[in-house]
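Below is one structure, written out as structure tokens; the observations come after it.
Since we're looking at a predicted model, the values are computed, not measured.
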Amino acid sequence: MNGIFTDFLNKSLPMPTEGPSNVYQDAQLLSGLRDAEIGRVIFAPRFSPRYVTGDGSIRVFLRVRNNIFRTIKPHIPSGIRYSLAADILMYPGCFNDPLTERLTLPGSRYVMVSLPFPNFYDEIWKDINKLVYHTGLRPVFTEFNRYLLTYSDTEIKKLLKVPGAAFQFNVRSLDYKDTVKFVISVVSEGKQVVFGTGARCVGKYEAEMKPHFKLLKRALGETDFNLLMLSANNFCRPRNVPR
């Protein structure tokens, strides 16, 4: 394995709605992946048709994402595994499009979704139920650490019970003991936990992970920590072929 860490939420694709403004900035960020011991990257630009001018369709999003990826692909260091996905901004009816399946992580039935923030509203449960029970997909709730700050305990507990759900945390949130304690409780319940940098460009949310795992590694012990990293590495087996 080239690097022990998996960056499960990389935002460095220079998409129109986020990320660096040019390929040069992106190349700078990607060049540091190996030194940061990152062996796998999931590129997950945000998809939200309500906030995109023009067509705003999944087809257009995928075409733009894939074309942009081709421009930065040569800058990915050899040996780094990667996948293309999308971070779906949830709103009522967001999973009504039958093409939602094309936003899944390659080789899986998982889609990355960003819950409403700062407040949760009950109408979203209809969409979560549609995703899980009607489309047969499973959510990876991205940047779950944010919701610990603003959601009620009842809402958090209900989200933890969503069948098959996985939970992604920003590595910087692991600098705080309360987040580490919560992550360990989720892992102890047998749920899938993954981590990401949210990296956009050099100087803004850097693509580094190791320094932020200090408290978690100390709490788990080296063996269990390495097992957790291996679990993240194997979750949604990557393919080095953009769709």
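With hydrogens and angles left out, the side-chain atoms of T104 and R109 include no donor and acceptor closer than 3.5 Å. Judged by distance alone, the side chains of R200 and N10 never bring a donor and an acceptor atom under 3.5 Å apart. A donor and an acceptor atom, one from each side chain of Q192 and S231, are located under 3.5 Å apart. For S12 and D26, the side-chain atoms include at least one donor-acceptor pair closer than 3.5 Å. Side-chain atoms of D87 and T142 include a donor-acceptor pair closer than 3.5 Å.
Between Y82 and F69, the ring planes are tilted. Angles from 30° to 60° get that label. Note on ring orientation: taking the six-membered ring where Trp is involved, the planes of F144 and F167 are perpendicular (angle over 60°, cut-offs 30° and 60°). Ring geometry for F169 against F195 counts as tilted: the plane angle lies between 30° and 60°, on a 0 to 90° scale.
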Checklist entry - Do N145 and T179 pass the side chain to side chain donor-acceptor pair (under 3.5 Å) test, and can you show the C-alpha distance, the side-chain angles, and the key distance before you say yes or no? => result CA-CA 7 Å; N145 49 280; T179 309; over 6 Å; no
Item to check | I128 vs F95, side-chain contact (heavy atoms from CB on, under 4.5 Å): CA-CA, chis, key distance, verdict | outcome: CA-CA 9 Å; I128 292 175; F95 299 128; 5.6 Å; no
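Taking every heavy atom of both residues into account, R40 and C236 meet most closely at NH2-O, 2.5 Å.
Aromatic ring centroids of Y147 and F141 lie 6.0 Å or more apart.
Under the 4.5 Å side-chain criterion, counting only non-hydrogen atoms from C-beta, F213 is in contact with M229.
With sequence neighbours left out, N226 forms a side chain to side chain contact (heavy atoms under 4.5 Å, CB included) with I4, E222.
The CG atom of L105 sits 6.5 Å away from atom OG of S83, with the distance rounded to the nearest 0.5 Å.
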